[in-house]
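The figures here come from the full heavy-atom set of this structure, side chains too, leaving out hydrogens, waters and symmetry mates. Just so we're on the same page: letters track the sequence lines, and every chain starts at 1.
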There are 2 protein chains.
Amino acid sequence: MPNSKPTPVTMDAVYTAPGYLFRRMQQIAVALFIEECKAFDLTPVQYAALVAISTHPGIDATRLSAVIAFDRSTLGNVIERLQAKEYIVRKPAAEDKRVKLLYLTKAGAAVLGDIMPSVDKAQARMLQPLKPGDRKTLLSLLTQLVDLNNEASRVPLRAEDALEHLGRSG
Amino acid sequence: MPNSKPTPVTMDAVYTAPGYLFRRMQQIAVALFIEECKAFDLTPVQYAALVAISTHPGIDATRLSAVIAFDRSTLGNVIERLQAKEYIVRKPAAEDKRVKLLYLTKAGAAVLGDIMPSVDKAQARMLQPLKPGDRKTLLSLLTQLVDLNNEASRVPLRAEDALEHLGRSG
DNA sequence: GCCATATTGTCAGTATACTGTCAATTAAAT
DNA sequence: ATTTAATTGACAGTATACTGACAATATGGC
C-alpha cells in the first residue's frame, strides 16, 4: 500500500457540487425577484401560481400543483395567502364536493399584468453577468436537464394535467 | 395604436424563466441527495456544514455562514441538529465570550467519510441525463454565474473568511 | 348496491430560508 | 475612560418544501 492516507476533505467537495450551485442560484434568483418586485408583495411561488390560475381558470389545487410542479401540501398555504390578498377566489365544484376551483379576481389579473415587467427584469438580471451566447447555452441545458430529471422530484411537472379541468363545469 | 390588446399570458412566462428552472433543479437535486444518502440521515445543508467544520475546525457560526453562504439565522437550527446527532460539539471561545467554536466529533468525521460516495453518486445522477460535454459546459457556466452573482444574495460566499478563526485560540 | 380503492383537501411535523430585532459583548472613536 | 458602533448568537415571524397521515368523497369491480 503506497498510500493509505484518507483523501483530505476540502471545500471543493461542496463548491463544485452541482447541487450546491443550484442551491446558490436558487437563493440568488429569489433575492433578485424579491428586489425587483418589492412593490407588488408577491413571491416567485405566488407569481407562478397566479400565472397558472390565469392560464387555467377553474383549475383545482391538485391540478395546479402538477402544472407548476409544486408540492400539494405547500400549495395549500400559497393558495391561502393569495386568497387573503384577494387575488384569487375559491368556488366549490358542482359535481365533486371535495374540489374547490380557483379563479383570478380583477385585482389578481391587474397585479399579474403590472408585475410582468419587473419579473422580466429580475429574470434578465440573473443571467446578465454571462455573455449573450452563454446565456442561451445555459438556458438550453438547464431546460433539458429539468425536463430529463422530471421524474426525480416528488411532484413531476404534468403540464397536460391542466386540460382535465375543462371537462368539469368550471 | 395598431394593437391595444394585452399580451395573453401563457405558462411559458413560468416555464422558460431561469428562476423557475433553478427552483426545479434545486428540488430535484435535494430529492436525489436524500434518496442516495437516506442511510445517513443527513440533509444537503447539514452535509455542507459538516464539510466546512471538518475543513475549518474551531470555526464559529458567523464565519461558517460566510464559508458556505447560508443564512446565519438558518444556520443556528442546522448547528443544533448536528449537535443533537452528536456529529459536532460547541466550545465557548476563550477570548470572546460571545463566540462558540465548532468541532467535528469522531462520529461526525466517520459519517462524513462514509457518506462521500453516496453524495458523489447523487451529484453525478443529477447531471447524468446530459451528454458528458454538456455536463462540463453547464457546470462551468453555473460556476461562473454563481460567482458573478455572488453579491446578489443575502449571504455572499466569503471563502476567505474561514481563515480568520486561525487567529483565535481555537 | 356494496366494498375496496383512489382522490381531494387538509393538517401535523420537520427542515431550509429570509427579515427584523434583541441582549450581551467587544472594538473603535475621541 | 466613556460613549458609540459593530459583532455574535439567539429569537420571533413569515414563506417555501417534503413526509406521512386523515376524513370526506368518488369511483371501480363485482
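- Each of D:dT25, C:dC11, D:dG9 was ranked by its minimum atom distance to the side chain of B:T62; first place goes to D:dG9.
- Considering only side-chain atoms of B:V78, the nucleotide from C:dT10, D:dG9, C:dT16 that sits closest is C:dT16.
- Looking at residues 44-51 of chain A, you'll see that no heavy atom sits under 4.0 Å from any atom of DNA chain C.
- Between A:I34 and A:K100, the one whose closest nucleotide on DNA chain C sits nearer the 5' end is A:K100.
- Atom-to-atom, CZ of A:R72 to P of C:dT8 comes out at 7 Å; the value is rounded to the nearest Å.
- Taking only distance into account, the side chain of A:R98 meets the base of C:dT7 through a donor-acceptor pair shorter than 3.5 Å.
- Rounded to whole Å, atom P of D:dT8 lies 13 Å from atom CD1 of B:I79.
- Inspection of the B:N150 and A:R24 side chains reveals an N or O donor paired with an N or O acceptor under 3.5 Å.
- The CG atom of A:N77 sits 10 Å away from the C1' atom of C:dT10 (whole-angstrom rounding).
- B:D71 pairs by the side-chain hydrogen bond (donor to acceptor under 3.5 Å, both in side chains) definition with B:S73, B:R154, not counting sequence neighbours.
- Atom C1' of nucleotide C:dA15 and atom CZ of B:F70 are separated by 12 Å, given to the nearest angstrom.
- Neither OP1 nor OP2 of D:dT14 sits under 4.0 Å from any side-chain N or O of A:R81.
- Within the 4.0 angstrom heavy-atom criterion, only backbone atoms of the sugar-phosphate kind lie near A:T43; the bases stay farther away.
- Under the 3.5 Å distance criterion, the side-chain polar atoms of A:Q123 are matched with a main-chain donor or acceptor of B:G19.
- Between the side chain of B:S73 and the base of D:dG9, no donor-acceptor pair of N or O atoms lies under 3.5 Å.
- Note: B:Q26 CD to A:L21 CG = 11.5 Å, rounded to the nearest 0.5 Å.
- As a whole-Å value, the separation of A:K91 NZ from C:dG9 P is 16 Å.
- Across C:dT16, D:dT25, D:dG9, the shortest atom-to-atom separation from the side chain of B:T74 is found for C:dT16.
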(Q) For B:M25 and A:N149: C-alpha separation, side-chain torsions, deciding distance, then whether side chain to side chain contact (heavy atoms under 4.5 Å, CB included) applies. (A) CA-CA 8 Å; B:M25 269 318 295; A:N149 274 318; 4.1 Å; yes
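- Residue pairs meeting the salt bridge (Lys or Arg N to Asp or Glu O under 4.0 Å) criterion with at least one member in residues 74-86 of chain B, sequence neighbours excluded: B:D41-B:K85.
- In this model, the phosphate group of C:dT8 is not approached by any side-chain N or O of A:R90 to a distance below 4.0 Å at OP1 or OP2.
- For the pair B:K97 and B:Q26, both in contact range of DNA chain C, the more 5′-proximal nearest nucleotide belongs to B:Q26.
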Q: Start with the C-alpha gap between B:L142 and B:F22, add the side-chain angles, then the distance that decides, and say whether side chain to side chain contact (heavy atoms under 4.5 Å, CB included) holds.
A: CA-CA 10 Å; B:L142 201 53; B:F22 286 128; 3.8 Å; yes
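- As rounded to whole Å, 19 Å separates atom C1' of C:dT16 from atom CZ of A:F22.
- A side-chain donor-acceptor contact under 3.5 Å links A:T105 to the backbone of A:Y87.
- Taking atom NZ of B:K38 as the reference point, atom C1' of C:dT14 lies 19 Å away to the nearest angstrom.
- Between the CG atom of A:D60 and the P atom of D:dT25 there is a distance of 17 Å, rounded to whole Å.
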